[in-house]
Amino acid sequence: MYLVVGGAGYIGSHINKMLYQNGMDTVVYDSLVYGHKEAVKWGRLEVGDLADPVRLEEIFSTYDIEAVFHFAAFAYVGESVENPSKYYNNNVANTLHLLDAMVRHNVKYIVFSSTCATYGVPEKMPITEDMPQKPINPYGASKLMIERILADYHHAYDLNYCCLRYFNAAGSDPDGEIGESHDPETHLIPLVLMAATGERENIKVFGTDYPTRDGSCIRDYIHVTDLADAHLRAMAYLKNGGESTCMNLGNCIGNSVLEVIEAAKEVTGKEIPTVLAKRRPGDPPMLVGSAAKAEGVLGWKPKYGDIRVILEHAWKWYSEKKCY
Ligand code: UDP
């Protein structure tokens with residue numbers, strides 16, 4: 001049995017589906033603070049918070065857990081700056097409850113959801129794993145702290161880990177069964193599609209004077225189903241005796257905000273009212289990841305690298321109004 005912590009969220013629910021499709025039994029542990037119970041269509045759902053060690057102990061005593069995928073975290077960068085206590089308590093202190101339960105129950109494998117936000121504002125592109133990690137906000141710092149804690153738990157308790165540093169997770173399940181739905185929504189692609197359906201008046205382009213090819217920010221959008229595939233490979237790698245490690249998951253393709261909006265117009269066939277706006281504080285001009293390590297170690301290659309395909313799948317989800 002695999003424990004999927006945060007499996008009712010956007011990324012966790014896609015991994016939970018792929019685990020099921022590969023014949024792996026799962027139990028999802030999710031507080032449902034940001035997750036959606038409707039997204040847990042496979043395996044079991046146990047509602048509970050990482051803040052509650054008694055409930056966690058109950059889960060580890062009830063199920064025969066062989067390994068853990070850990071997605072549960074707060075992930076609003078701006079909020080993390082305003083309220084770091086919320087982020088360090090939830091993302092760091094509460095994760096210790098999970099890791100300690102794993103140690104107590106002799107569960108040896110964990111795949112951890114990390115982020116390119118641990119790099120801060122890197123000087124070179126594409127970003128490789130050996131570049132300095134200097135997060136510029138508490139969200140990124142909280143994820144980096146867990147990376148460090150995992151290295152220490154590995155050393156002391158023989159807990160084997162793989163940290164996957166995602167670039168911009170995007171798109172939806174190609175079958176349209178689950179998708180991306182955040183409240184509040186702050187991510188570019190869902191907001192662009194909401195502007196296409198008229199749910200929002202327009203999409204604001206945050207900054208048009210960056211030193212990039214068209215002045216808007218460049219990000220590396222990676223399909224959530226490609227992320228899911230990498231998680232299954234990372235777990236198989238650990239269970240086959242692979243060294244504990246961290247790796248990037250990205251496409252090594254950068255798309256600017258304006259390019260995403262143009263592609264969304266083509267995919268949806270809709271007008272997307274666009275407003276050129278000021279920079280959003282804390283946004284690096286460009287973040288593009290090298291996934292050469294994931295390719296070498298896991299044999300992973302993204303299947304859905306084209307931004308149009310990412311948008312098509314996201315649009316299928318939105319246009320069929322399957323928001324939770
Ligand atoms: N962005 C934008 N308008 C929006 C939301 C986001 O121009 O309404 C930009 C944002 O400045 C960034 C990119 O889109 O350059 C991706 O932002 P998102 O919040 O989706 O992900 P992030 O890169 O911040 O993790």
Side-chain angles (χ1 to χ4, degrees), residues 9-11 34 71 73-82 87 91 113-122 125-127 135-144 164-172 179-224 227 248-265 272-289 307 310-311 313-315 317-318:
Y10 169 45
I11 301 174
Y34 289 115
F71 302 96
F74 295 149
Y76 291 106
V77 170
E79 184 187 55
S80 80
V81 176
E82 302 290 314
Y87 279 71
N91 296 3
S113 163
S114 190
T115 168
C116 65
T118 59
Y119 293 109
V121 187
M125 293 294 146
I127 301 170
I136 56 167
N137 52 61
Y139 165 68
S142 73
K143 291 285 186 173
L144 180 57
L164 298 176
R165 298 177 188 151
Y166 316 147
F167 283 70
N168 287 57
S172 288
E180 183 170 14
S181 181
H182 303 287
D183 187 18
E185 187 54 80
T186 59
H187 293 106
L188 178 67
I189 291 179
L191 291 174
V192 167
L193 298 180
M194 287 176 183
T197 59
E199 254 170 278
R200 293 177 74 97
E201 239 173 78
N202 55 48
I203 180 72
K204 291 190 176 57
V205 178
F206 293 149
T208 53
D209 58 350
Y210 284 102
T212 58
R213 52 184 175 260
D214 61 18
S216 66
C217 283
I218 292 179
R219 294 288 180 273
D220 183 342
Y221 296 92
I222 175 81
H223 198 295
V224 66
L227 289 184
N248 292 339
L249 296 180
N251 274 309
C252 208
I253 300 173
N255 287 106
S256 73
V257 174
L258 290 168
E259 287 165 359
V260 169
I261 296 169
E262 277 316 303
K265 286 181 188 167
I272 301 181
T274 302
V275 173
L276 304 182
K278 281 199 301 211
R279 292 182 179 197
R280 185 173 68 176
D283 269 340
M286 182 171 185
L287 289 173
V288 174
I307 192 70
I310 290 174
L311 285 163
H313 293 165
W315 178 236
W317 166 258
Y318 269 103

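When a ligand or atom number is given, it counts from 1 through the structure's own listing order. Note that the numbering runs from 1 along the sequence shown for the chain. All values below come from the heavy atoms of this structure, side chains included, with hydrogens, waters and symmetry mates left out.
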Ring centers of Phe74, Tyr34 separated by less than 6.0 Å: yes
Nitrogen or oxygen of His187 less than 3.5 angstrom from that of ligand 1: no
Any donor-acceptor N or O pair under 3.5 Å, side chains Tyr76, Asn137: no
Salt-bridge present (Lys278, Asp209; N to O < 4.0 Å): no
Part of Phe167 with heavy atoms under 4.0 Å of ligand 1, whether side chain, backbone, both or neither: neither
Close approach, Tyr76 and ligand 1, non-hydrogen under 4.0 angstrom: no
Heavy-atom nearest neighbour in the protein, as seen from atom 3 (N) of ligand 1, with distance rounded to 0.1 Å: Lys204 O, 2.6 Å
Side-chain heavy atoms of Tyr119 within contact of Ile127, under 4.5 Å: yes
Polar atom proximity, Leu191 to ligand 1 (N or O, under 3.5 Å): no
Charged N-O contact under 4.0 Å between Glu259 and Arg213: yes
Nearest option to atom 13 (C) of ligand 1, as decided by whichever heavy atom of Tyr166, Phe206, Tyr221 sits closest: Tyr221
Residue portion contacting ligand 1 (non-hydrogen atoms closer than 4.0 Å) for Val257: side chain
Distance-only donor-acceptor check, side chains Ser113 and Tyr166, under 3.5 Å: yes
Closest candidate by heavy atom, reference atom 18 (P) of ligand 1, pool Arg219, Arg280, Arg279: Arg280
Residue and atom name of the nearest protein heavy atom (relative to atom 21 (O) of ligand 1), distance in Å to one decimal: Asn168 ND2, 3.1 Å
Side chain, backbone, both or neither: Thr186 near ligand 1, heavy atoms under 4.0 Å: backbone
Ile203 N/O to ligand 1 N/O under 3.5 Å: no
Atom 15 (O) of ligand 1: nearest protein contact (heavy atom, Å): Cys217 CB, 3.0 Å
Short side-chain donor-acceptor distance under 3.5 Å, Glu199 and Tyr318: no
For Ala170 against Ile310, the heavy-atom pair lying closest together: CB-CG2, 3.6 Å
